[in-house]
Amino acid sequence: MAKVLICVAWPYANSPIHLGHVAGSLLPPDLFSRYRRLRGDEVLMISGSDQHGTPITVRAEIEKVTPLDVAERYHEINKKAIEDLNIEFSLFTKTHTDNHFHVVSDVFLDLLEKGFLYEKVTQQYFCPNCAKFLPDRYVEGICPMCESGHARGDQCEQCGKTFEGGELTDARCVHCLTIPELRETKHHFIRLSAFQEELIDWVKDKQYWRPSVQLFTQNWLEAGLEDRPITRDMEWGIPVPLPDQEGKVIYVWFDAVIGYLSASIEWAKMSGDPDAWKEYWTDPKIRSYYFLGKDNIPFHTIIWPAILLGRGGLNLPYDVPANEFLTFRGDKVSKSRGTTIDIPSLLKKFEPDIIRYYVAANMPENKDADFSWDDFEAKINNELVATLGNYYHRVLSFTYKNFGEVPKLIDATEEKDEILQAIRKTRKSVEEAMDNCHFKRALKAIMDLAQFGNRHFDSTAPWALIKKDRERCGSALHMHLMLVKALAVLSSPYLPTSSEKVWKFLGQDSTIQQSGWSAIDSDLPYHQRLNESKPLFSKIEIEEDENDSMYAGFETLNLKVGRIIEANDHPNADSLLLLDVDIGKKIQVVAGLKEYYSKEEMEGLNVVVVSNLKPARIRGERSEGMLLAADADDIVRLVSPPADSKPGEPVNSGMNQSDRTVEFKDFQKLILRVAEVSKEGLDIGRLIKASNPVEDGSKRVIVYMPSKDAEEALVLATERGPVTVDESLPGGATVR
RNA sequence: AGCGGGGUGGGGUAGCCAGGACAUCCCGUCGGGCUCAUAACCCGGAGACCGGUCGUUCAAAUCGACCCCCCGCUACCA
């Protein structure tokens with residue numbers, strides 16, 4: 001028997017957890033800990049809500065409530081969702097507790113005393129209009145090094161330079177776009193550089209880590225560690241535990257990772273032995289596992305280990321089996337079918353075991369996995385219901401009906417050996433996979449065993465055998481009950497609820513939890529009464545949302561006719577133009593068209609404008625929209641609305657238009673193409689159909705494609721007619 | 001454009017790090033079987049030159065180089 005510490009990344013308390021959290025960091029540790037407990041190990045599994053940080057205060061401002069309200073609300077929602085999913089933590093706490101405040105303060109003071117923290121005066125932006133210091137991500141300006149317009153308060157996104165603070169050119173408050181002032185402020189920095197060598201040595205022998213985690217960490221470390229500030233000027237968070245530090249709190253990333261330690265301490269207090277946590281953190285034989293998504297790797301393989309090294313005497317992570325992402329791109333947006341994928345609403349529709357099965361079967365262990373409702377439906381119905389559920393049910397119901405108890409086993413039959421062998425083989429491969437956190441592989445082995453059961457059941461044909469030789473039939477069924485028992489135990493980390501149900505059908509007094517892992521191939525008592533079984537899983541059906549248009553993507557846009565009033569050179573960029581465009585109102589647009597159009601050519605031109613793009617600063621100048629232009633290698637031409645169009649007229653092709661802003665990257669996912677009009681249809685390199693008519697004699701039109709291989713596309717048009725483009729462009733040319 | 005991750009029968013995947021005999025499994029499809037079971041289950045067939053090219057090797061899906069494509073992040077894409 002061993003002890004294990006399982007640490008799970010803390011979900012951020014500003015929204016409900018969704019399937020991505022479950023696949024990335026929540027389900028794997030639960031599978032692991034249930035498995036280890038079954039094998040008789042003692043597990044301490046902890047996590048909690050990450051409740052501090054700017055996004056929560058922003059949300060609170062919007063809702064006009066306190067940050068605490070937001071943080072507590074989502075803590076409760078997520079805690080419940082996690083419990084309802086049957087994910088069993090020793091403790092799922094939160095960062096806004098006295099205990100956590102104390103532990104973080106302790107660590108802070110300890111590192112300070114040891115010289116791993118130092119105070120440094122920096123220039124920080126303060127917005128007089130908003131009356132507060134601005135977090136770095138809420139200041140934008142021009143990078144002094146590379147002159148990129150995409151610099152944030154602490155770092156330039158273009159060249160990667162980090163600033164001491166206050167070095168930005170033309171800084172702006174992102175909220176109100178006014179000019180913030182610089183104020184001197186002192187902050188504590190952690191001397192990460194002091195741990196570099198030690199960390200490199202530590203990571204070197206982590207060959208058993210997932211390659212992506214190990215490599216990523218190694219590269220990061222070899223690139224060199226920079227000291228990072230660990231305090232901020234804001235109210236929401238853990239106050240810096242020193243005099244004269246009003247208005248300063250500990251930066252959320254420093255605060256959150258310490259949660260692993262504070263939660264362990266809190267758990268120990270609650271369990272009645274306040275020192276119980278120590279063993280888990282100091283006994284070098286006790287391994288610690290950290291489960292998280294790949295975005296979280298550096299915090300757990302560099303920063304947290306650095307803090308632990310600074311503190312001294314505490315175990316560093318043994319393994320960090322980070323998962324990739326569960327993506328949602330296969331399904332057009334989230335609302336398009338059935339349910340959304342946040343856990344509280346998912347649980348209203350599906351049993352936890354169903355969700356657990358799907359997530360485990362589609363777990364992004366080695367690469368991103370894609371979620372789709374089709375896949376969800378198929379995996380549940382074909383694998384869980386048809387293979388495993390059906391096998392359970394045919395064995396249990398047939399035996400119950402014909403014997404009502406566990407029938408007698410005749411010695412030395414072939415099937416006895418065959419089935420026992422199959423069970424043991426599966427047990428071995430499941431153990432091997434589980435020990436190495438390969439949960440998808442272990443589940444596969446279990447399903448293979450269920451299929452073996454089905455096959456064997458078919459070839460034995462008990463329904464025929466019972467008429468000829470009741471005793472031999474009973475003996476065969478005995479072995480199938482053994483197999484059912486094995487499957488129930490093996491799968492219980494994945495399907496805790498239904499496995500216990502099977503256990504009851506088998507007439508067992510105890511639970512699987514009590515019986516333990518060895519029950520996989522233990523004997524079944526003859527004559528043990530069976531209980532009448534019911535099917536464990538039923539097929540699911542996911543309805544299509546009929547209201548959803550094929551062109552939902554197009555409807556996220558708001559296209560308008562625009563007229564270019566004035567074109568000027570961008571002050572800080574060679575290839576960009578600054579345009580004033582009339583779209584019913586005057587907006588400023590930055591366009592990368594200088595190579596293709598002269599200023600004179602552009603002035604007065606009618607164009608099509610994406611009017612609901614989220615405004616951005618391009619090299620320091622505000623851009624409030626973009627002009628649609630077709631692009632084929634070295635030819636770039638603006639697309640033209642029909643003649644006589646007036647600025648501000650919608651280009652909606654008869655569809656709805658969105659009044660919400662759209663992110664540039666979401667806009668980019670939409671497919672717009674040039675199409676050559678012919679009698680046969682539209683040519684975009686292949687022939688497709690048009691959903692709306694092209695009545696006039698236009699030769700080149702612009703189409704919106706719902707997907708890359710769609711057979712039908714929507715022609716961009718106003719009420720006056722379709723949008724056209726210069727004939728030098730071939731069909732299929734992209735439009736952006 | 002930069003960085004990271006991928007491209008394996010119609011769809012989804014395993015294998016790749018530690019190269020070798022018919023390339024795995026699920027779904028779909030075609031044909032058959034069975035009737036205990038939730039139109040389930042079981043058997044068999046068709047279907048992949050393992051993104052492309054070149055190379056290393058007796059031998060490459062697996063190693064190397066270059067190229068193409070997809071995805072994520074980042075961007076003087078707007």
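Not measured: the values here are computed from a predicted model. Because only heavy atoms are used, hydrogens play no part in the values below, and waters and symmetry mates are left out as well, while side chains stay in. Each chain gets a letter, A, B and so on, in the order the sequences are listed, and its residues count up from 1.
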**Complete:** Stems with RNA chain B, 3 or more Watson-Crick or G-U pairs in a row (under 3.5 Å), are B:1-7 with B:68-74, B:10-12 with B:25-27, B:29-33 with B:41-45, B:51-55 with B:63-67

**Asked** Do any of residues 450-460 of chain A sit with a heavy atom less than 4.0 Å from RNA chain B, and if so which?
**Response** Gln451(A), Asn454(A), Arg455(A), Phe457(A), Asp458(A)

**Prompt:** Does Arg441(A) place a side-chain N or O at less than 4.0 Å from the phosphate oxygens OP1/OP2 of G15(B)?
**Reply:** yes

**Closest to side chain of Pro535(A), choosing from C26(B), U38(B), C25(B)** = U38(B)

Heavy atoms only, 4.0 Å cut-off, all strands: where does [X] land among base, sugar-phosphate and nothing?
X: Leu536(A); value: base
X: Ala378(A); value: nothing
X: Tyr392(A); value: nothing
X: Val590(A); value: sugar-phosphate

From [atom1] of [X] over to [atom2] of [N], roughly how many Å is that when rounded to an integer?
X: Met447(A); N: C41(B); atom1: CE; atom2: P; answer: 10 Å
X: Asn382(A); N: U38(B); atom1: CG; atom2: C1'; answer: 13 Å
X: Ile380(A); N: G12(B); atom1: CD1; atom2: P; answer: 19 Å
X: Asn402(A); N: C36(B); atom1: CG; atom2: C1'; answer: 8 Å

**Message:** For the P atoms, the ones on C22(B) and on G4(B), what distance do you get once it is rounded to whole angstrom?
**Reply:** 37 Å

**Item:** Separation of Asn381(A) CG from Lys539(A) NZ (nearest 0.5 Å)
**Value:** 5.5 Å

**Asked** Can Trp463(A) be classed as stacking with the base of C36(B), given a centroid separation cut-off of 5.5 Å and a plane angle cut-off of 30°?
**Response** yes

